[in-house]
Amino acid sequence: MRRLGELEAEIMDRLWAWQRPATVRELVDDINRDRRVAYTTVMTVADILHRKGWLRREKAGRAWLYEPVRSREEYTAGLMRDALGDSRDRPAALLRFVEAISDEDVAALDAALRTARGEPGPPGGPRETASRGGAA
């Protein structure tokens, strides 16, 4: 999975945050609060995201309404899978990753692994796991 370009990411961030379909006009108006961008530029990038399968669109009068096909979490997970796939030594890469993340993230990772395996969580929940050093 390719990392999104700057404007692609700005568009997706807004749509993920809004959690509703939006027109190019709404996107342009919101982006223009921070920096100037042309309507046609946003329209072109939204169309590219649609063709890449990131956005679905539906006609609403004369405008298109765009909404994400995948969640921000699915996008992030894809980037993580790709980064891991680039490693020649996956166990070592995973170890370095776990060593570098916070206790809270270790606890969240442990909870995610338990959920994926259908196992019950530790007594006291994820916070207790984090406070015990976050053993994964």
Side-chain angles (χ1 to χ4, degrees):
M1 168 180 300
R2 244 187 73 245
R3 183 173 201 83
L4 295 171
E6 183 182 342
L7 186 53
E8 289 175 326
E10 282 189 73
I11 290 169
M12 294 302 295
D13 282 342
R14 281 165 173 79
L15 293 171
W16 282 323
W18 294 343
Q19 297 182 4
R20 63 169 177 79
T23 63
V24 169
R25 172 53 52 207
E26 290 175 289
L27 291 162
V28 169
D29 289 348
D30 199 60
I31 293 169
N32 279 336
R33 292 178 191 187
D34 299 325
R35 67 181 182 97
R36 300 300 304 164
V37 63
Y39 179 94
T40 54
T41 302
V42 175
M43 182 178 63
T44 299
V45 173
D47 183 62
I48 290 168
L49 286 166
H50 170 71
R51 284 187 278 130
K52 287 180 176 180
W54 282 100
L55 296 176
R56 76 174 56 93
R57 67 183 179 191
E58 181 178 313
K59 201 71 155 151
R62 293 177 47 200
W64 289 105
L65 283 174
Y66 289 91
E67 67 180 317
V69 171
R70 297 181 200 119
S71 69
R72 181 189 308 268
E73 293 74 20
E74 289 171 308
Y75 170 66
T76 302
L79 292 176
M80 293 168 73
R81 276 190 305 275
D82 285 353
L84 185 58
D86 287 343
S87 175
R88 291 179 192 241
D89 187 348
R90 293 176 82 149
L94 285 167
L95 177 60
R96 296 292 180 255
F97 174 72
V98 171
E99 288 173 341
I101 63 177
S102 69
D103 287 345
E104 292 80 17
D105 286 342
V106 169
L109 178 58
D110 184 50
L113 289 169
R114 289 175 185 275
T115 298
R117 292 182 187 132
E119 300 172 0
R127 290 180 188 209
E128 187 171 315
T129 303
S131 66
R132 287 185 288 165

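Being a predicted model, the structure only gives us computed values, none of them experimental.
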Exercise for the section: Would you please name every residue forming a salt bridge (Lys or Arg N to Asp or Glu O under 4.0 Å) with Glu6, sequence neighbours left out? Expected result: none
Exercise for the section: If you link ILVMFWY side chains whenever their heavy atoms are less than 4.5 Å apart, which other residues fall into the same cluster as Leu95? By chain and number, please. Expected result: none
Fill in the blank from the handout: When rounded to the nearest 0.5 Å, the distance separating CG of Asn32 from CG of Leu27 is 11.0 Å
Handout entry: side-chain contact (heavy atoms from CB on, under 4.5 Å) against Asp29, all qualifying residues, sequence neighbours excluded
Key = Arg25
Practice task
Keeping to residues at least two apart or across chains, list the ring pair (Phe, Tyr, Trp, His ring centres under 6.0 Å) pairs with something in residues 3-31.
Solution key: Trp16-Tyr75
Problem - Co-membership, hydrophobic cluster, residues Leu109 and Met80, 4.5 Å side-chain - result: yes
Exercise for the section: Give, for atom OG1 of Thr23 and atom CH2 of Trp64, the distance between the pair rounded to the nearest 0.5 Å. Expected result: 13.5 Å
Handout entry: Spacing of Leu84 atom CG and Leu79 atom CG [to the nearest 0.5 Å]
Key = 12.5 Å
Handout entry: Contacts of type side-chain contact (heavy atoms from CB on, under 4.5 Å), residue Arg70, not counting sequence neighbours
Key = Trp54, Glu74
Exercise for the section: Provide the full list of ring pair (Phe, Tyr, Trp, His ring centres under 6.0 Å) pairs with a residue in residues 85-107, sequence neighbours left out, each pair given once. Expected result: none
Completion exercise
Sorted by chain and residue number, the salt bridge (Lys or Arg N to Asp or Glu O under 4.0 Å) partners of Arg117 (sequence neighbours excluded) come out as none
N/O donor-acceptor pairs under 3.5 Å from side chains in residues 35-43, not counting sequence neighbours:
unit_1 : atom_1 : unit_2 : atom_2 : d
Arg35  : NE     : Glu10  : OE2    : 2.9
Arg35  : NH2    : Glu10  : OE2    : 2.6

Problem - Non-hydrogen side-chain atoms of Ile31 and Leu7 separated by less than 4.5 Å - result: yes
Handout entry: Sequence-distant partners of Arg3, salt bridge (Lys or Arg N to Asp or Glu O under 4.0 Å), two or more places apart
Key = none
Problem - Linked, directly or transitively: Val106 and Leu113 (ILVMFWY side chains, under 4.5 Å) - result: yes
Problem - Other cluster members, Ile48 - Ile/Leu/Val/Met/Phe/Trp/Tyr, side-chain contacts below 4.5 Å - result: none
Practice task
Hey, could you give me each pair passing salt bridge (Lys or Arg N to Asp or Glu O under 4.0 Å) that has a residue in residues 43-64? Not counting sequence neighbours.
Solution key: Glu8-Lys52, Asp47-Arg51, Asp47-Arg57, Arg56-Glu67
Exercise for the section: Nearest 0.5 Å please: distance from the OG1 atom of Thr44 over to the CG atom of Leu49. Expected result: 11.0 Å
Exercise for the section: Kindly compute the distance separating CG (Leu15) from CG (Asp30), expressed to the nearest 0.5 Å. Expected result: 10.0 Å
Problem - Within residues 76-95 or reaching into it, pairs that qualify as side-chain hydrogen bond (donor to acceptor under 3.5 Å, both in side chains) - sequence neighbours excluded - result: none
Exercise for the section: Check Pro68 against Met12 and note the closest heavy-atom contact, atom names and distance. Expected result: CB-CE, 4.0 Å
